[in-house]
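Right, one structure below, let's go through it.
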Number of protein chains: 2
Amino acid sequence: MALQHAIMTALLEDAMSGYELAKSFDSSLGFFWRASHQQIYQELRKLSDKKYLSSETVPQAGKPSKIVYTLTASGSKALEDWVQGPSKLQDAKDDLLVKLYNLNHDNVAHLIAELEHRREFVMGRLYLYERIRRRHYDDPKSLSIRRKGVYLALTAGVTQGEQFLRWCDDALETLASVENQH
Amino acid sequence: MALQHAIMTALLEDAMSGYELAKSFDSSLGFFWRASHQQIYQELRKLSDKKYLSSETVPQAGKPSKIVYTLTASGSKALEDWVQGPSKLQDAKDDLLVKLYNLNHDNVAHLIAELEHRREFVMGRLYLYERIRRRHYDDPKSLSIRRKGVYLALTAGVTQGEQFLRWCDDALETLASVENQH
DNA sequence: CGCCGCATGTAATTAGTTACATGATTGT
DNA sequence: ACAATCATGTAACTAATTACATGCGGCG
């Protein structure tokens, strides 16, 4: 149900099509809520049924037409009600950390490779987000209140990523020494 | 499906009942994979059906009997296969950060309260994990290989929590100044 | 001609949440 | 008597994933 609110949140700033939403989830909001295009299209239909979104088909030159969704007044109200309501605990679900509980001589090498892979991914995302932050949120004090919120969230993501990299380097060192001992 | 592997991971060290597993998820492994008792009982049944776990009813003095589950050889094999396989991306789903995207004058106060609540929660968990780490993982170098993995995961959780607290204090300061401006 | 990016979806399945349900024992 | 902790589950529902499915336009 929260994906619906995440979608409406993304539409606060700009009206978008499902495809654009999916891409936007891969960059900005996706730091905090990942979603596949399939699920986005389904939730988009449900939100339209509830009249929280209105849609309009926009023809494009040289590209297929797209269906652009806009937040309605009642959608806006529902979103604000959700914001003012209680939050659930962040659900921690991380394969890789659970796998570390299973560390042994047979799987060290594999876990090292997986950590390195994750490190790459986090680095890439960090780079992307730092760029966004620099470009659009360079002077935090002059931002509108809403953008100050976005800035804070982005900062959370960035510092989280940086902290992961520090931990990761440490962990890789430990794992390397374990591997060398056999 | 990964909950099944998380359950088997928890049973690597000790045979446990569903109730004990649920409690253990609330403390150690739950940093990285949260689960309700209802779901645990369901997955326990599925794992038993697949013969990945064997169960034994253990009567207790002054308490109801419990059903203790033990990892079987084929369960152990399935677990190791999972560890050696590819991991999925960590799924980021955080209500609170999404809500921050909606920051405005009407909801600052509420978001401040929610952040403070989350801060309390993280502090409590941090305290708990620091204690576990100090008690059982005081000298990382002398640990068995498996416990070194657990130690690394625990460290990831702890530093992640510490990083959250730093960010949170920062964010609360920003939000307070926004609130005072009206 | 085949692949990639744009654009939209449905169907089937699995995972996870919420609500409901029971019953024993210990402490106040 | 009542609440709390221990202990185990079922049923109904919602959310999320995986697999499948289609079609246009541009580029090499």
Side-chain angles (χ1 to χ4, degrees), chain A residues 1-8 15-27 30 32-50 53 55-69 82 85-95 98, chain B residues 1-8 15-27 30 32-50 53 55-69 82 85-95 98:
Chain A
M1 185 118 302
L3 174 56
Q4 297 196 358
H5 298 114
I7 288 173
M8 291 193 280
M16 277 186 268
S17 69
Y19 188 81
E20 287 163 341
L21 268 165
K23 294 222 315 179
S24 138
F25 264 71
D26 280 344
S27 49
F32 316 113
W33 206 279
R34 217 168 318 92
S36 61
H37 78 271
Q38 290 94 329
Q39 206 190 345
I40 287 172
Y41 283 119
Q42 284 178 59
E43 299 302 331
L44 240 20
R45 185 165 45 78
K46 288 182 200 164
L47 285 166
S48 295
D49 289 349
K50 283 196 269 188
L53 300 180
S55 60
E56 195 194 354
T57 304
V58 175
Q60 298 179 107
K63 286 188 212 171
S65 295
K66 61 182 177 179
I67 303 167
V68 171
Y69 293 89
W82 169 75
S87 294
K88 8 186 106 170
L89 290 181
Q90 188 191 0
D91 60 318
K93 304 226 158 163
D94 195 335
D95 258 25
V98 175
Chain B
M1 187 117 301
L3 174 57
Q4 297 194 0
H5 298 114
I7 287 172
M8 290 193 279
M16 276 187 270
S17 67
Y19 188 80
E20 287 162 342
L21 270 165
K23 294 222 314 178
S24 138
F25 266 69
D26 281 343
S27 49
F32 317 112
W33 206 278
R34 217 169 317 94
S36 61
H37 77 271
Q38 289 95 328
Q39 207 191 346
I40 287 172
Y41 284 118
Q42 284 177 59
E43 299 302 331
L44 240 20
R45 185 164 45 79
K46 288 181 200 164
L47 286 166
S48 295
D49 289 350
K50 283 195 270 188
L53 300 180
S55 59
E56 193 194 353
T57 304
V58 176
Q60 298 180 108
K63 287 188 211 172
S65 295
K66 60 183 180 180
I67 303 166
V68 172
Y69 293 88
W82 169 74
S87 292
K88 9 186 106 170
L89 290 181
Q90 189 189 0
D91 59 319
K93 306 226 156 161
D94 196 334
D95 258 24
V98 176

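Note on naming: letters A, B, ... go to the chains in the order of the sequence lines (proteins, then strands), and numbering restarts at 1 for each one. When reading the values below, keep in mind they use all heavy atoms of this one structure, side chains included, and skip hydrogens, waters and symmetry mates.
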TODO: Return no unless some side-chain N or O of A:S17 is found under 4.0 Å from OP1 or OP2 of C:dT8.
DONE: yes

Return all side-chain donor-acceptor pairs below 3.5 angstrom for residues 56-66 of chain B, not counting sequence neighbours, or 'none' if the list is empty.
| from | atom 1 | to | atom 2 | distance (Å) |
| --- | --- | --- | --- | --- |
| B:Q60 | NE2 | B:P64 | O | 2.7 |
| B:K66 | NZ | B:E20 | OE2 | 2.7 |

TODO: Give the first and the last nucleotide of DNA chain D, reading 5' to 3', that has any atom under 4.0 Å from a heavy atom of chain B.
DONE: D:dC6 to D:dT18

TODO: Kindly compute the distance separating NE2 (B:H37) from OH (B:Y19), expressed to the nearest 0.5 Å.
DONE: 9.5 Å

Task: Shortest non-hydrogen contact from B:L44 toward B:G18 - done: CD2-CA, 3.6 Å

- [ ] Specify the separation, in whole Å, of atom NZ of B:K93 and atom P of C:dG16.
- [x] 10 Å

Task: C:dT18 phosphate, OP1 or OP2, under 4.0 Å from A:K88 side-chain N/O - done: yes

Task: side-chain contact (heavy atoms from CB on, under 4.5 Å) evaluation trace for B:Y69 with B:S17 - done: CA-CA 6 Å; B:Y69 293 88; B:S17 67; 5.5 Å; no

Open item on the list: Please encode protein proximity along nucleotides 23-28 of chain C as a string of B, S and -, counting only heavy-atom distances under 4.0 Å.
Closed with: B-SS--

Open item on the list: The criterion is side chain to side chain donor-acceptor pair (under 3.5 Å); which residues satisfy it with B:Q42, sequence neighbours excluded?
Closed with: none

- [ ] Drop me the distance from B:Q4's CD to B:W82's CH2, to the nearest 0.5 angstrom.
- [x] 11.5 Å

Task: B:L3 and B:F25, any side-chain heavy atoms less than 4.5 Å apart - done: yes

- [ ] Check the distance between C:dA7's P and A:E56's CD and give it to me in whole angstrom.
- [x] 15 Å

TODO: Mind listing the closest non-hydrogen atom pair of B:S87 and A:D95 along with its distance?
DONE: CA-OD2, 3.7 Å

Open item on the list: Rounded to whole Å, how long is the line connecting atom CD of A:E20 with atom C1' of C:dT8?
Closed with: 13 Å

Task: A:Q90: partners by side chain to side chain donor-acceptor pair (under 3.5 Å), with sequence neighbours left out - done: none

Open item on the list: With heavy-atom distances below 4.5 Å as the criterion, would you say the side chains of A:Q39 and A:S36 are in contact?
Closed with: yes

Task: Phosphate-side-chain proximity, A:Y19 and C:dC6, N/O vs OP1/OP2 below 4.0 Å - done: yes

Task: Flag side-chain contact, heavy atom, 4.5 Å: A:V98 against B:H5 - done: no

Task: Residues from residues 37-47 of chain A lying under 4.0 Å of DNA chain C - heavy atoms - done: A:H37, A:Q38, A:Y41, A:Q42, A:R45

